[in-house]
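Reading through the structure tokens given below for one structure.
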Amino acid sequence: MSRYFDETNKAEQWSGTAPELNVEQLVATVQQGEEVAKQVATTRLRETRMVKLPNPKDAPLLTRRDEAMAPAAESYRMLRTRLLRLQAAQGIRSVVLSSALPGEGKTLTTLNLALCCTQIPNLRVLIVDADFRTRGLSHLLGTPSGPGLSEILSGEATYEQAIMSTDLPNLCVLTGGGATKAPAELFATQRWKEFLGWASETFKLVLVDSPPILPLSDFELISAACDGVLLVIRGGRTNRELLRRASVQVDSRKLLGSVFNMSRESGNANHHRYGGVPDSAGEGA
């Protein structure tokens, strides 16, 4: 899953985007100044609710420690390394993940990328469910009760009341919260920008799961306050014309690349690059 990070038209730009760093250098860069960051996070989030991460047997999440997920884990490490390289070069903190249409795997990609990033010690990550239409990330987490992002944006809850810690010490989550009749309008307020500014100072990386780009207006409002955009493309399914239409709605200065998801291995049509999980596994994400 998520084997390629913009392999179509960005591959030649990586070397010019940031200096070549090995994994040890990347980890050292991420950990530099972490003591200060941890002190800031402690003062900003003194007490939070707790949620236990799911360990489903039927979903391709990295919490499943079996051989079928080994190819996916390696692909996510590649994605993580390239993202950290960009972060070291450009100071990127908040990244929104989206796709042209529903069902392309953006929610699973968001959660798995977060899980992979938290394998690096002291890399504090916040994942945010900003898809008020489906709340797919919240469902993957078991739909925890209590306030979430919608309550923060409507002024009904504080950050401390809504953000939850997990059983991974450097991962926090923010669910979508309760139902709202006007999701786009909430992201048009100053509260969304203020929240992302606070989150970027509190966490080393903020991953935002957004609604699909077409045909909704939410994505443009969400991405306007984020540092970068990752576009998830489902192999063998994403329509080229719809992808073109979606890509023109993304600010080219923020487009970090694309994640080529659910691609089939050449020479074996029965297996996929994230470990043979059937196509239906990504539905609804």
Side-chain angles (χ1 to χ4, degrees), residues 1-34 37 53 60-65 67-99 105-128 168-172 199-200 203-209 226-235 250 253-263 265 272-275:
M1 188 180 190
S2 309
R3 176 69 176 266
Y4 296 109
F5 184 80
D6 194 23
E7 90 176 352
T8 54
N9 62 358
K10 297 280 185 180
E12 297 180 356
Q13 299 181 16
W14 286 114
S15 58
T17 302
E20 291 296 327
L21 300 175
N22 58 36
V23 174
E24 290 75 15
Q25 288 175 311
L26 285 170
V27 172
T29 301
V30 168
Q31 292 179 336
Q32 186 178 15
E34 279 299 327
L53 292 173
L61 292 177
L62 295 186
T63 48
R64 276 177 44 194
R65 301 189 179 277
E67 293 183 2
M69 290 303 297
E74 184 58 33
S75 296
Y76 277 109
R77 292 188 195 102
M78 294 168 58
L79 178 60
R80 178 188 66 191
T81 298
R82 290 172 175 175
L83 182 57
L84 292 181
R85 182 181 298 167
L86 275 179
Q87 186 179 67
Q90 302 179 17
I92 292 170
R93 287 295 183 96
S94 56
V95 178
V96 56
L97 288 87
S98 189
S99 56
K106 63 178 181 57
T107 300
L108 287 170
T109 300
T110 302
L111 182 52
N112 274 334
L113 179 56
L115 293 172
C116 188
C117 287
T118 58
Q119 293 172 0
I120 296 180
N122 299 323
L123 177 55
R124 289 177 55 83
V125 180
L126 173 68
I127 49 175
V128 179
L168 291 178
N170 50 345
L171 177 64
C172 289
S200 296
F203 297 88
K204 188 66 177 180
L205 181 63
V206 181
L207 298 177
V208 180
D209 180 38
C226 294
D227 298 330
V229 177
L230 281 179
L231 191 59
V232 177
I233 302 169
R234 182 165 178 171
V250 179
R253 297 168 297 179
K254 293 186 176 184
L255 183 58
L256 306 178
S258 60
V259 179
F260 199 59
N261 181 42
M262 304 269 308
S263 62
E265 291 284 6
H272 302 76
R273 285 199 172 110
Y274 63 68

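Throughout, numbering of the chain's residues begins at 1 and tracks the sequence.
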Side chains of [X] and [Y], heavy atoms from C-beta outward: is any pair under 4.5 Å?
X: S99; Y: R234; value: no
X: T109; Y: Y76; value: yes
X: I127; Y: D209; value: no
X: L115; Y: L171; value: yes
X: L205; Y: Q87; value: yes
X: K106; Y: L231; value: no
X: V206; Y: V128; value: yes
X: V229; Y: L256; value: no

Start with the C-alpha distance between K204 and N170, add both sets of side-chain angles, then the distance that settles side chain to side chain contact (heavy atoms under 4.5 Å, CB included), and finish with yes or no. CA-CA 10 Å; K204 188 66 177 180; N170 50 345; over 6 Å; no
Test side chain to side chain contact (heavy atoms under 4.5 Å, CB included) applied to L207 and L113, step by step: CA-CA 9 Å; L207 298 177; L113 179 56; 3.9 Å; yes
If the condition is side-chain hydrogen bond (donor to acceptor under 3.5 Å, both in side chains), which residues does T118 pass it with, not counting sequence neighbours? none
Candidate pair L79 and V259, rule side chain to side chain contact (heavy atoms under 4.5 Å, CB included), full reasoning: CA-CA 8 Å; L79 178 60; V259 179; 4.2 Å; yes
Short side-chain to backbone donor-acceptor contact, S94 and D227, under 3.5 Å: yes
Dump the intermediate steps for side chain to side chain contact (heavy atoms under 4.5 Å, CB included) on V95 and L83, then the final yes or no. CA-CA 10 Å; V95 178; L83 182 57; 4.2 Å; yes
Member of M78, E74, R77 meeting the side-chain contact (heavy atoms from CB on, under 4.5 Å) criterion with C116: R77
Looking only at non-hydrogen atoms, find the nearest pair between V125 and C117 and report the distance. CG2-CB, 3.9 Å
